[in-house]
A.B. asks: 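Before I ask anything, here is the structure I am working with.
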Amino acid sequence: MGRVQFVGQPLRRPWKPAWSRACFGLCIQSIERRGKWILLNLTSDRCLIVHLGMTGRLLVADRRTQRPAHTHLLFDLPSDRQEMRFIDPRRFGSVTLSTQTERNRFLGRAGLGPEPWQLADREWRQALRRSRRSLKAILLDQRIVAGLGNIYADESLHQARLSPLLRGCDVTQAQARRLRLAILNVLERAIQLHGSTIRNFYYGESETGDYQKEFRVYDRADQPCRRCRSTIHCMRLAGRSTHFCPQCQMKPKVDQRTS
DNA sequence: ACAGGATCCTGGGGGC
DNA sequence: TGCCCCCAGGATCCTG
């Protein structure tokens with residue numbers, strides 16, 4: 001990696017000028033992902049920790065092409081024609097440089113839960129059982145399961161036929177399993193379709209995801225449920241818009257546990 | 001422990 | 001058409 005330039009406006013975690021110098025001459029050795037964090041492992045024991053936030057993008061492009069609006073960071077690549085660009089209109093994202101030790105400490109502090117497909121049935125059940133919070137809040141909590149955002153939380157709950165209001169401690173063994181499998185199902189399908197593009201993004205390359213075409217509840221308030229034809233509701237829960245079908249995601253009225 | 005709110009930010013959409 | 005205002009989201013901090 002050659003010259004590194006900060007050309008934009010401050011990001012959520014400010015890029016320090018010293019990092020540009022520190023990156024010079026380093027190579028990207030491997031790329032990992034943990035939850036919503038992208039880890040670019042560099043030579044010399046360094047790491048670029050990237051979060052895309054809402055609208056962030058990491059693109060490799062010909063250096064001579066016009067930089068899209070809201071380009072904040074440029075990393076010259078070994079090919080003398082290419083550069084890696086960090087673009088982020090809303091600047092909810094961030095890029096930071098750290099040592100591997102700092103990287104591990106950072107991830108440790110974040111306390112990220114397992115990736116969804118590494119979630120053991122028993123471990124998941126116990127995590128739900130010990131929480132009195134709503135399922136929606138639990139799914140958004142990166143410390144319990146890493147990687148779910150608002151869209152996939154809502155879609156997973158609908159597929160599992162569970163109310164977002166249901167408390168973790170009230171979920172039965174069968175329901176917990178259904179939810180875990182629904183999360184896997186929703187994520188696998190979304191990845192297959194390259195994610196969800198909600199609104200037309202006005203910047204950068206034009207490819208879009210297609211999962212939004214398969215939304216069952218998200219962004220479908222007042223429209224009929226595709227399973228039971230009832231009207232999809234939208235409410236605020238855990239600080240986020242929460243879409244659900246009050247008919248087929250009904251909250252059980254009676255606590256059926258044998259105490 | 002947990003809920004809820006505010007914060008950061010921008011473009012799009014609705015209302016007038 | 002052109003304002004103004006609100007909304008969306010992820011992480012994080014603060015208050016109740």
Side-chain angles (χ1 to χ4, degrees), chain A residues 6-15 33-39 49-58 67-73 86-96 98 103 105-113 115-116 126-157 163-171 183 186-187 190 195-204 206 208-209 211-212 215 217-223 232-244 251:
Chain A
F6 181 79
V7 295
Q9 292 171 278
L11 301 171
R12 173 143 180 74
R13 293 159 194 272
W15 176 263
R33 181 195 54 74
R34 234 345 235 125
K36 298 174 186 172
W37 299 92
I38 298 168
L39 309 162
I49 304 176
V50 181
H51 198 297
L52 299 178
M54 275 294 297
T55 52
R57 308 185 91 190
L58 211 46
R67 291 167 190 153
H70 310 291
T71 300
H72 302 291
L73 274 165
F86 182 75
I87 305 150
D88 188 6
R90 292 194 194 169
R91 292 191 275 140
F92 270 31
S94 64
V95 184
T96 53
S98 71
R103 173 206 115 133
R105 206 182 309 149
F106 173 80
L107 291 175
R109 266 201 308 272
L112 296 179
E115 298 290 321
Q126 285 172 348
L128 293 184
R129 190 175 299 168
R130 78 172 81 96
S131 175
R132 296 175 60 80
R133 305 161 75 192
S134 67
L135 286 181
K136 177 62 183 266
I138 292 171
L139 291 186
L140 290 179
D141 188 341
Q142 304 298 303
R143 295 169 301 182
I144 295 172
V145 56
L148 281 179
N150 202 36
I151 293 173
Y152 301 117
D154 282 4
E155 291 297 320
S156 298
L157 285 165
S163 166
L165 290 159
L166 188 62
R167 292 185 305 176
C169 57
D170 291 334
V171 168
I183 292 168
V186 163
L187 289 180
S196 313
T197 302
I198 314 289
R199 287 160 192 96
N200 289 332
F201 288 110
Y202 41 84
Y203 55 82
S206 56
T208 58
Y211 190 69
Q212 70 281 2
F215 283 170
V217 284
Y218 186 81
D219 212 20
R220 295 195 67 244
D222 302 324
Q223 295 180 48
I232 302 297
H233 284 212
C234 181
M235 67 177 295
R236 273 197 101 70
L237 184 58
R240 289 287 166 262
S241 62
T242 300
H243 309 75
F244 65 103
K251 187 180 173 186

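Below, read A as the first sequence line, B as the second, and so on, with proteins coming before strands; counting in each chain starts at 1. Quantities reported herein were computed from a predicted structural model and do not represent experimental measurements.
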A.B. asks: Think A/Gln9 has a side-chain N or O under 4.0 angstrom from the OP1 or OP2 of B/dC9?
C.D. replies: no
A.B. asks: Atom CZ of A/Arg12 to atom P of C/dC13: distance rounded to whole Å?
C.D. replies: 8 Å
A.B. asks: For A/Ser241, which contact category applies under a 4.0 Å heavy-atom criterion: base, sugar-phosphate, or nothing?
C.D. replies: sugar-phosphate
A.B. asks: Take the angle between the ring planes of A/Trp37 and A/Phe106 and call it parallel below 30°, perpendicular above 60°, tilted in between.
C.D. replies: perpendicular
A.B. asks: Take the protein atom CZ of A/Arg167 and the nucleotide atom P of B/dA3, then report the distance between them rounded to whole Å.
C.D. replies: 10 Å
A.B. asks: Quick one: do A/Asp154 and A/Lys136 make a salt bridge, cutoff under 4.0 Å?
C.D. replies: yes
A.B. asks: OP1 or OP2 of B/dT10 versus the side-chain N and O atoms of A/His70: is any pair under 4.0 Å?
C.D. replies: no
A.B. asks: Side chain of A/Phe92: nearest nucleotide among B/dG11, B/dC8, C/dA11?
C.D. replies: B/dC8
A.B. asks: Let me know the distance between CD1 of A/Ile151 and C1' of C/dG10, rounded to the nearest Å.
C.D. replies: 12 Å
A.B. asks: For a quick check, tell me whether the side chain of A/Arg133 and the base of B/dA3 share a donor-acceptor pair closer than 3.5 Å.
C.D. replies: no
A.B. asks: Distance check needed: B/dG5 P versus A/Arg236 CZ, whole Å only.
C.D. replies: 9 Å
A.B. asks: Could you check A/Arg130 against A/Arg240 and say which one's nearest nucleotide on DNA chain B is further toward the 5' end?
C.D. replies: A/Arg130
A.B. asks: Using whole Å, report how far CZ of A/Arg143 lies from P of C/dG10.
C.D. replies: 16 Å
A.B. asks: So A/His72 and A/His70, would you call those rings parallel, tilted or perpendicular, with 30° and 60° as cut-offs?
C.D. replies: tilted
A.B. asks: Salt bridge (charged side-chain N to carboxylate O under 4.0 Å, His left out) for A/Arg167 and A/Asp170? Distances and angles first, verdict last.
C.D. replies: CA-CA 5 Å; A/Arg167 292 185 305 176; A/Asp170 291 334; 3.2 Å; yes
A.B. asks: Between A/Arg132 (CZ) and B/dA1 (P), how many Å, whole number?
C.D. replies: 13 Å
A.B. asks: Going by distance alone, is a donor N or O of one side chain under 3.5 Å from an acceptor N or O of the other, for A/Tyr152 and A/Ser196?
C.D. replies: yes
A.B. asks: What is the distance, to the nearest angstrom, from the CD1 atom on A/Ile38 to the C1' atom on C/dA11?
C.D. replies: 16 Å
A.B. asks: Check this one for me: any side-chain N or O of A/Tyr152 less than 4.0 Å away from OP1 or OP2 of C/dG9?
C.D. replies: no
A.B. asks: Among the candidates B/dC9, C/dG9, B/dA3, find the nucleotide nearest to the side-chain atoms of A/Ala137.
C.D. replies: B/dA3
A.B. asks: Nearest-Å distance, CD1 (A/Ile87) to P (B/dG11)?
C.D. replies: 14 Å
A.B. asks: Counting any heavy atom closer than 4.0 Å, what does A/Gly93 reach on the DNA or RNA strands: base, sugar-phosphate only, or nothing?
C.D. replies: nothing
